[in-house]
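Here the structure comes first, spelled out in structure tokens, and everything after it is commentary.
Both counts, for ligands and for their atoms, begin at 1 and track the order of listing.
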Amino acid sequence: MPITSTNRHVRPLRSQKALVTGASSGIGRAVAVAFGRAGADVAVNYRSSPGAAEAVVAEIRGHGVTAFAHQADVSDEAQVLRMFERLREELGAIDILVANAGLQQDAAIGDMTAAQWNKVLSVNLTGQFLCAREAIREFRRRGLRPEISCSAGKIICMSSVHQEIPWAGHVNYAASKGGVELMMRSLAQEVAPERIRVNAIAPGAIRTPINRAAWETKEAAERLLTLIPYGRIGEPEDVAQAAVWLASDASDYVVGTTLIVDGGMTLYPGFSTNG
Ligand code: NAD
């Protein structure tokens with residue numbers, strides 16, 4: 001079927017090829033499936049759950065597109081290089097990267113080990129750097145394909161409201177996401193002249209395995225809701241819809257921006273009753 005403005009609207013990522021890291025669970029899973037629904041072929045990166053990754057692949061294929069799972073630790077340069085080789089072999093090109101893989105290793109500052117600090121920085125920040133660098137090399141190799149997209153490539157960095165909100169007991173995580181913000185904006189500035197768009201999404205509290213303790217019990221969920229003016233915990237699909245838009249030509253003039261998807265968590269809800 002030729003690409004027309006109508007079917008681009010229905011399947012806005014039609015004929016595009018995407019890599020989503022950390023896509024066997026949570027937000028990454030929802031993004032990967034939404035991309036398949038939007039017409040993209042999707043590589044599902046995972047670290048340690050082949051069964052869960054294959055289930056995501058099966059769901060994506062149900063939308064009539066190509067999908068495969070690839071195991072790689074995004075903080076390991078050799079594994080990232082191998083992953084991009086596989087992308088070239090299986091998909092021929094890549095149009096979209098969602099650098100989503102991330103983790104927390106929480107500790108009060110007096111107890112935080114250097115290993116916990118390094119682990120979080122290496123996955124959440126270095127992992128995004130390595131994947132973004134390889135994606136940009138790929139975009140350059142392939143060049144602009146106007147029949148596929150207005151831009152030569154799109155990168156979406158999964159940040160967090162904690163790129164802005166300080167987070168006691170999580171200094172490694174907050175530092176990693178603060179780093180993601182300036183990495184994203186600097187990259188965006190560097191590659192925008194090549195028609196490569198780099199942006200980020202900063203989710204608030206989204207119901208996924210990473211923050212199970214914050215929503216699993218009624219008491220924890222009630223406490224969490226006091227931080228969310230919109231009055232509900234976010235779902236992975238809320239972030240997935242934002243990612244589809246940011247990856248599509250509908251956002252073609254959006255460059256170097258963080259799209260906050262947080263139900264108002266960054267609106268200083270403590271001040272809503274006059275502080
Ligand atoms: P999640 O734990 O379900 O997803 C994280 C994924 O990253 C997992 O599948 C995990 O296996 C994978 N991963 C971890 N280390 C990896 C590595 N070295 N290589 C490859 N994959 C690795 O949690 P989530 O909430 O879906 O998190 C996704 C992203 O969203 C993370 O970057 C997280 O910081 C961010 N985020 C989540 C929330 C939230 O409330 N859930 C809020 C803000 C930001």
Side-chain angles (χ1 to χ4, degrees), residues 19-34 43-57 69-84 97-106 116 118-132 134 156-165 167 170 172-181 183-184 200-216 220-221 224-225 227-228 232-240 242-243 258-263 265-266:
L19 166 64
V20 183
T21 67
S24 63
S25 64
I27 292 171
R29 179 191 172 109
V31 170
V33 171
V44 172
N45 160 255
Y46 69 99
R47 185 195 44 180
S48 56
S49 315
E54 287 304 336
V56 180
V57 165
H70 185 91
Q71 195 276 332
D73 175 344
V74 296
S75 66
D76 181 312
E77 185 170 22
Q79 292 187 35
V80 171
L81 293 177
R82 175 68 201 116
M83 176 162 66
F84 276 81
L97 163 68
V98 182
N100 165 79
L103 45 73
Q104 288 179 217
Q105 291 205 353
D106 310 326
Q116 288 173 317
N118 287 330
K119 180 73 183 173
V120 171
L121 269 289
S122 70
V123 175
N124 294 11
L125 186 55
T126 307
Q128 292 210 11
F129 153 70
L130 290 170
C131 292
E134 292 314 304
I156 300 171
C157 299
M158 201 56 70
S159 186
S160 163
V161 289
H162 295 295
Q163 72 172 33
E164 274 184 53
I165 304 176
W167 204 12
H170 308 257
N172 48 2
Y173 185 83
S176 74
K177 297 300 186 181
V180 164
E181 197 219 354
M183 179 190 74
M184 179 281 287
I201 296 176
I206 311 296
R207 199 188 308 270
T208 75
I210 209 173
N211 58 0
R212 188 178 295 282
W215 50 261
E216 204 166 34
L224 184 57
L225 284 173
L227 301 174
I228 308 173
R232 71 169 173 87
I233 297 171
E235 301 298 337
E237 192 61 20
D238 291 313
V239 181
T258 298
L259 181 51
I260 298 173
V261 181
D262 73 344
M265 188 179 249
T266 42

Any side-chain donor paired with an acceptor under 3.5 Å for [X] and [Y]?
{"X": "H70", "Y": "N45", "answer": "no"}
{"X": "N124", "Y": "S176", "answer": "yes"}
{"X": "T266", "Y": "D262", "answer": "yes"}

[atom] [closest protein heavy-atom partner, distance rounded to 0.1 Å]:
{"atom": "atom 19 (N) of ligand 1", "answer": "V74 N, 3.0 Å"}
{"atom": "atom 24 (P) of ligand 1", "answer": "T208 OG1, 3.4 Å"}
{"atom": "atom 40 (O) of ligand 1", "answer": "I206 N, 2.8 Å"}
{"atom": "atom 32 (O) of ligand 1", "answer": "N100 O, 2.7 Å"}
{"atom": "atom 36 (N) of ligand 1", "answer": "Y173 OH, 3.6 Å"}
{"atom": "atom 23 (O) of ligand 1", "answer": "I210 CB, 3.2 Å"}

Determine yes or no for a side-chain-to-main-chain donor-acceptor pair under 3.5 angstrom, with [X] supplying the side chain and [Y] the backbone.
{"X": "S24", "Y": "Y46", "result": "no"}
{"X": "N100", "Y": "I27", "result": "no"}
{"X": "E181", "Y": "A202", "result": "no"}
{"X": "S49", "Y": "G51", "result": "no"}
{"X": "T258", "Y": "A200", "result": "no"}
{"X": "T126", "Y": "V123", "result": "no"}

Determine whether the side chain, the backbone, both or neither of [X] has a heavy atom under 4.0 Å from any heavy atom of ligand 1.
{"X": "Y46", "result": "neither"}
{"X": "H162", "result": "neither"}
{"X": "A205", "result": "backbone"}

Task: Presence of salt bridge, D238 and R232, under 4.0 angstrom - done: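 Answer for the salt bridge query: yes.
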Task: Validation row: V161, K177 side chains within 4.5 angstrom (heavy atoms) - done: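 Result no, sub-4.5 Å side-chain heavy-atom pair not found.
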TODO: Answer whether the closest heavy-atom distance between the side chains of L225 and I233 falls below 4.5 Å.
DONE: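 In short, these two side chains touch, coming nearer than 4.5 Å.
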State the atoms of ligand 1, each with its element, that fall below the 4.0 Å cut-off from a heavy-atom position in [X].
{"X": "I27", "answer": "25 (O), 26 (O), 30 (O), 37 (C)"}
{"X": "L103", "answer": "15 (N)"}
{"X": "N45", "answer": "20 (C), 21 (N)"}
{"X": "P203", "answer": "42 (C), 43 (C), 44 (C)"}
{"X": "D73", "answer": "17 (C), 18 (N), 19 (N)"}
{"X": "S160", "answer": "43 (C), 44 (C)"}
{"X": "A72", "answer": "19 (N), 20 (C)"}
{"X": "G204", "answer": "38 (C), 39 (C), 40 (O), 42 (C), 43 (C)"}

- [ ] Answer yes or no: does an N/O atom from N124 fall short of 3.5 Å to an N/O atom of ligand 1?
- [x]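 No: no nitrogen or oxygen of N124 is under 3.5 Å from one in ligand 1.
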Task: Sub-4.0 Å heavy-atom contact, G127 with ligand 1 - done: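 For ligand 1, residue contact (heavy atoms, under 4.0 Å) with G127 is absent.
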- [ ] Could you check whether the rings of H162 and Y173 sit parallel, tilted or perpendicular, using 30° and 60° as the cut-offs?
- [x]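 Ring orientation of H162 relative to Y173: perpendicular.
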Best match, [options]: closest heavy atom to [atom]:
{"atom": "atom 21 (N) of ligand 1", "options": "S24, A214, A101, G234", "answer": "A101"}
{"atom": "atom 15 (N) of ligand 1", "options": "R47, Q71, Q163, R29", "answer": "R47"}
{"atom": "atom 4 (O) of ligand 1", "options": "S25, S49, S75, G26", "answer": "S25"}
{"atom": "atom 14 (C) of ligand 1", "options": "S159, G22, A52, G102", "answer": "G102"}

Open item on the list: Nearest 0.5 angstrom please: I206 CD1 to W215 CH2, how far?
Closed with: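 The distance works out to 12.0 Å.
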